[in-house]
Amino acid sequence: MAGTHAILSPSAAYRWLVCTPSARFEEQLPEEESTYAAEGTLAHELAALLLSARAGVFKGPQKTFNAMLGQITTNPLYSDEMLEHCEAYVAYVLDKGGEVLIEHSYDLTKYIPLSFGTADATNLGKTVIHVTDFKYGAGVRVGATANKQMMCYGLGAYEAAAKKGFKPETVSLSIFQPRVGGPSSWDISVSDLLKWAEEEAKPKATLAIAGAGDFVPGKHCQFCKARTSCKAYYDRFADLKNIKDKRIMTAADVATVLTYGPLVSSWVKKVEEESIGKLQGNEKIPGFKLVAGRGKRSFRNEDDVVDILLGEGYESYQIFDPKLNSLTAIEKLVGPKRFKTLFEDQVVNVPGKAQIAPEDDERPAIGASAADEFDEEDLT
């Protein structure tokens, strides 16, 4: 199961428990990984490595540990801040006591079809189980209260404790998110957790694994891979279209814009990004083409620029702030005419990113859409 994702993963439970067909819909789309996700993955690797050493369960000699740590700390995404937060997470977990399970994979099929999930840290006790999830993201604050991902992990931890002969009464669920408000915790009794599993998780999971049920848009759509293709998500903006044509919007109209405006903006941006990818892949979108975005001037070699400016008698404080000033600022410093003489061989034009535009846009098409535009003109 390593390196794979369950169709009904705990991390997406907040979504498929509400919008049951979304899991099968998303299954058809490729995985995406951003720089933020890669940074989070690295932080998790560091946290798990440090926790295993502090808990005394690291398997291998010190040489192996040092090599693994070195591989992490030489990653461009690593920082001293990351190490500080991971150390704090380790202390937080160890403070809970009990038997510590690190990055433990739980089989959840007893409650959720074809489901499994890996909990960052579990502390097994005879009466209380602690499950902690380490979230390194600095964007959206995630709370532990009634958190469905954590409740799924709680079910797995309960089963693991029961196999050891423990009879826990409480499952304490915690999210350690150091860059957004710190840790949060929520306790649920084992009886209530099992009741939730039987009355909500199982029935909804049965629908979800079959791809059945209704598409239900909401806040849970934010990280859904399928939202740009989902008609239900588009339809949720109907309230915006229903604002009546009048000179002054009512307070209710303004509230509607404030509620849905950011969602529309985010959704349109995502649709646009995917559309650019489609056009670059020779897929046609009626009425649109790719054009070159606005480019900018840039220095070819900043070290050479510094040498030239120092040779002209300029002081360091005039050209650094604290790094080399912008091209525009240096042009203003030396004057346009002298700038052209000094840096004629240093200035290059960096093309802008491809942009999507209507077919009647005056800018010429680029890439595959340029060939299409030529063919159309040639046929007239």
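What's counted below: heavy atoms across the whole structure, side chains too, no hydrogens, waters or symmetry copies.
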Hey, mind stepping through N325 and L333 against side-chain contact (heavy atoms from CB on, under 4.5 Å) and telling me if it holds? CA-CA 10 Å; N325 284 331; L333 175 68; 5.9 Å; no
Given the rule in the side-chain contact (heavy atoms from CB on, under 4.5 Å) test, do W196 and L155 qualify, once you have shown the distances and angles that lead to the verdict? CA-CA 10 Å; W196 170 78; L155 290 171; 3.8 Å; yes
Test log, rule ring pair (Phe, Tyr, Trp, His ring centres under 6.0 Å), inputs Y136 and H44: CA-CA 8 Å; Y136 195 67; H44 274 78; 8.2 Å; no
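Ring-plane geometry between F176 and Y92 is classed as tilted, the angle between the planes lying from 30 to 60 degrees on a 0 to 90 degree scale.
We find that R24 and E27 are joined by a salt bridge, their nearest charged nitrogen and carboxylate oxygen being less than 4.0 Å apart. Of the charged side-chain nitrogens involved, none lies within less than 4.0 Å of a carboxylate oxygen, so that K323 and E302 do not count as a salt-bridged pair.
A donor-acceptor contact closer than 3.5 angstrom links the side chains of S9 and S11.
The nearest pair of heavy atoms linking L77 to M82 is O-CE, 3.5 Å.
Enclosure of atom CG in N66 by more than 12 non-hydrogen atoms of other residues, nucleotides or ligands within 6.0 angstrom is indicated. More than 12 heavy atoms of other residues, nucleotides or ligands lie within 6.0 Å of CD in E273, so this atom counts as buried by the packing criterion. Within a 6.0 Å sphere centred on OH of Y158, heavy atoms belonging to other residues, nucleotides or ligands number 12 at most.
Contacts classified as ring-ring contact (aromatic ring centres under 6.0 Å, His included) and involving residues 303-323 (residues at least two apart or in different chains) are not found.
Listed by chain and number, the residues in a side-chain contact (heavy atoms from CB on, under 4.5 Å) with K164 are E99, L124, F166 (sequence neighbours excluded).
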Donor-acceptor contacts under 3.5 Å from residues 201-215 side chains, at least two apart:
{"unit_1": "K202", "atom_1": "NZ", "unit_2": "E198", "atom_2": "OE2", "d": "3.0"}
{"unit_1": "K204", "atom_1": "NZ", "unit_2": "L17", "atom_2": "O", "d": "3.2"}
{"unit_1": "T206", "atom_1": "OG1", "unit_2": "K202", "atom_2": "O", "d": "2.8"}

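Under a hydrophobic clustering in which Ile, Leu, Val, Met, Phe, Trp and Tyr are joined whenever their side-chain heavy atoms come within less than 4.5 Å, directly or via other members, V271 and F25 fall into different clusters.
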